There are 2 protein chains.
Amino acid sequence: MTGSTKTPRETPRERYRQQVREEVKEKAWQQIAGSGASALSLNAIAKQMGMSGPALYRYFANRDELITELIRDAYRSLADAFLAVADAGAGRPALPELARVLRRWALADPHRYFLVYGTPVPGYHAPQDITGIASEMMSVLLDACAAAAPEPAPGAEAHAFEAHLADHRDWAEGHPDATPAVLRLAMTFWSRLHGTLSLELAGHFTGMGLDPALLFEAEVDTLTAR
Amino acid sequence: MTGSTKTPRETPRERYRQQVREEVKEKAWQQIAGSGASALSLNAIAKQMGMSGPALYRYFANRDELITELIRDAYRSLADAFLAVADAGAGRPALPELARVLRRWALADPHRYFLVYGTPVPGYHAPQDITGIASEMMSVLLDACAAAAPEPAPGAEAHAFEAHLADHRDWAEGHPDATPAVLRLAMTFWSRLHGTLSLELAGHFTGMGLDPALLFEAEVDTLTAR
DNA sequence: TTGTGTTCGTTAGAAGCTATAACCAGAATG
DNA sequence: CATTCTGGTTATAGCTTCTAACGAACACAA
């Protein structure tokens with residue numbers, strides 16, 4: 001007795017189903033790594049797995065559902081990397097460490113990065129649970145930013161953007177104590193590092209022979225040193 | 001006599017050819033604006049122009065050549081916008097003005113922006129003349145950065161990235177007097193603004209209800225105020 | 001004006017894709 | 001044991017890019 005509940009889990013049928021789905025996604029990642037997400041072919045995957053075309057439609061409703069699943073896994077993978085840092089650092093990871101984890105994750109599979117942060121698919125809207133994963137990451141980031149403590153302003157007036165953040169902080173739900181400066185730091189972290197990473201992975205630096213890692217580190221420094 | 005040279009220009013045949021090519025590109029931009037570049041269909045364009053499928057192959061060797069042409073035009077358009085600012089500002093445009101031109105250009109046609117700075121096509125390598133256009137833009141940017149004058153350092157040591165830039169400045173050909181700090185400012189400008197713009201255009205800010213323009217302006221401020 | 005050759009359009013067709021429909025064998029379940 | 005559900009098959013529609021073969025219109029030259 002493996003303690004089967006009323007919900008049809010653990011049945012060997014379902015186990016096999018999940019196994020095939022995982023194999024499909026695995027082949028899909030291989031294809032994406034080679035030719036990008038736009039060239040992903042269900043037919044080719046099926047042929048590669050030794051079965052014929054339409055069989056895959058028993059496991060995924062259509063191409064978009066498969067891609068959505070891949071995007072979800074990508075988010076999950078990045079979020080897990082962030083959470084691992086948070087756990088190791090007792091919930092208050094250092095900002096540079098978080099940045100380096102992000103870059104490592106991006107370089108490990110550039111196509112995966114672009115699946116998350118690249119050119120959006122026109123009709124596509126991320127399902128609810130994916131935005132949930134995104135806010136998990138944001139939560140870790142906000143903790144790290146709070147630890148980085150940008151000083152509660154000695155006497156200088158807050159930036160207009162920080163004033164705006166003081167009024168629009170719904171996205172930082174769960175961090176009611178975060179100052180506008182902390183919120184701004186989080187957005188700046190996200191935006192700046194995405195800027196360098198995106199340009200690097202897209203190959204915009206290759207022609208000019210300079211080291212993207214150094215630009216990245218320089219931007220990280222501007223985030224912490226203040 | 002319209003002074004026709006040996007090269008077959010101005011012949012009515014060639015004029016018509018160019019006219020059709022332009023119309024094709026026009027329809028292509030319309031399609032891209034609606035469904036993104038990946039969904040661009042030569043067949044649909046031909047049908048829309050009242051002619052049948054393969055006729056377009058008289059004007060473009062294949063789909064990639066058409067897209068390359070669109071990318072080239074996009075670069076040209078952005079470079080022209082930059083050059084216009086440079087001309088108006090007597091060759092020394094203000095950095096915030098340049099930034100605002102960039103944002104305006106990006107918002108005017110997000111898909112065009114992603115064609116230039118979005119997810120790269122796996123096999124694609126930009127032809128030589130496109131990198132030439134890119135360096136035109138970089139030249140304007142470098143002029144603006146030189147005008148922004150980040151001070152030749154009062155006594156503090158240069159950042160590691162600036163040291164690296166002092167050794168790798170081939171991409172700044174034509175600006176031998178630019179200090180490492182100026183070079184760094186240009187790279188930072190490019191990278192940071194691309195970061196915010198890319199996230200904004202991809203819709204990563206929509207769910208959290210904050211104004212991307214304010215983040216953009218905040219980042220512009222960090223570039224100039226120093 | 002009468003050839004002659006280039007150019008632009010056509011239709012036909014190959015090869016690929018997504019996705020649906022119809023069908024059939026085997027496993028799970030009553 | 002019989003029934004149902006599930007996962008595979010082939011056939012097919014409709015879309016795509018792109019090549020091939022052909023015809024008509026135009027440009028140019030004798």
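Quick caveat, the model's predicted, so the values are computed rather than measured.
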Exercise for the section: For Leu66(A), answer base if it contacts any base atom (sugar-phosphate contacts may also be present), sugar-phosphate if it contacts only those atoms, and nothing otherwise; contact means non-hydrogen atoms under 4.0 Å. Expected result: nothing
Exercise for the section: Tell me whether the OP1 or OP2 atom of dT10(D) has a side-chain N or O from Ser52(A) closer than 4.0 Å. Expected result: yes
Practice task
To the nearest Å, give me how far apart CG (Leu42(A)) and P (dT18(C)) are.
Solution key: 5 Å
Handout entry: His168(B) and Asp211(A) side chains, donor-acceptor separation under 3.5 Å
Key = no
Problem - Phosphate contact (dG7(D) OP1 or OP2) by Arg17(A) side-chain N/O below 4.0 Å - result: yes
Practice task
Considering only NZ, NE, NH1 and NH2 on the basic side and carboxylate oxygens on the acidic side, decide whether Glu26(A) and Arg21(A) come within less than 4.0 Å.
Solution key: no
Practice task
Tell me whether the OP1 or OP2 atom of dT17(D) has a side-chain N or O from Asn43(B) closer than 4.0 Å.
Solution key: yes
Exercise for the section: Remember a base hit wins even if backbone is also touched, and classify Leu56(A) as base, sugar-phosphate or nothing at under 4.0 Å, heavy atoms. Expected result: nothing
Handout entry: Ionic contact status for Lys25(A) with Glu22(A), cut-off 4.0 Å
Key = yes
Practice task
Quick one: pull up CZ in Arg103(B) and CD in Glu217(B) and give me the separation to the nearest 0.5 Å.
Solution key: 7.5 Å
Practice task
Please check the phosphate of dA28(C) (OP1 and OP2 only) for any side-chain N or O of Thr11(A) closer than 4.0 Å.
Solution key: no
Practice task
Would you please confirm or rule out a distance under 4.0 Å between OP1 or OP2 of dA27(C) and any side-chain N or O of Tyr16(A)?
Solution key: no
Exercise for the section: Ignoring backbone atoms, test whether Ser41(A) places a side-chain nitrogen or oxygen under 4.0 Å from the OP1 or OP2 oxygen of dG16(C). Expected result: no
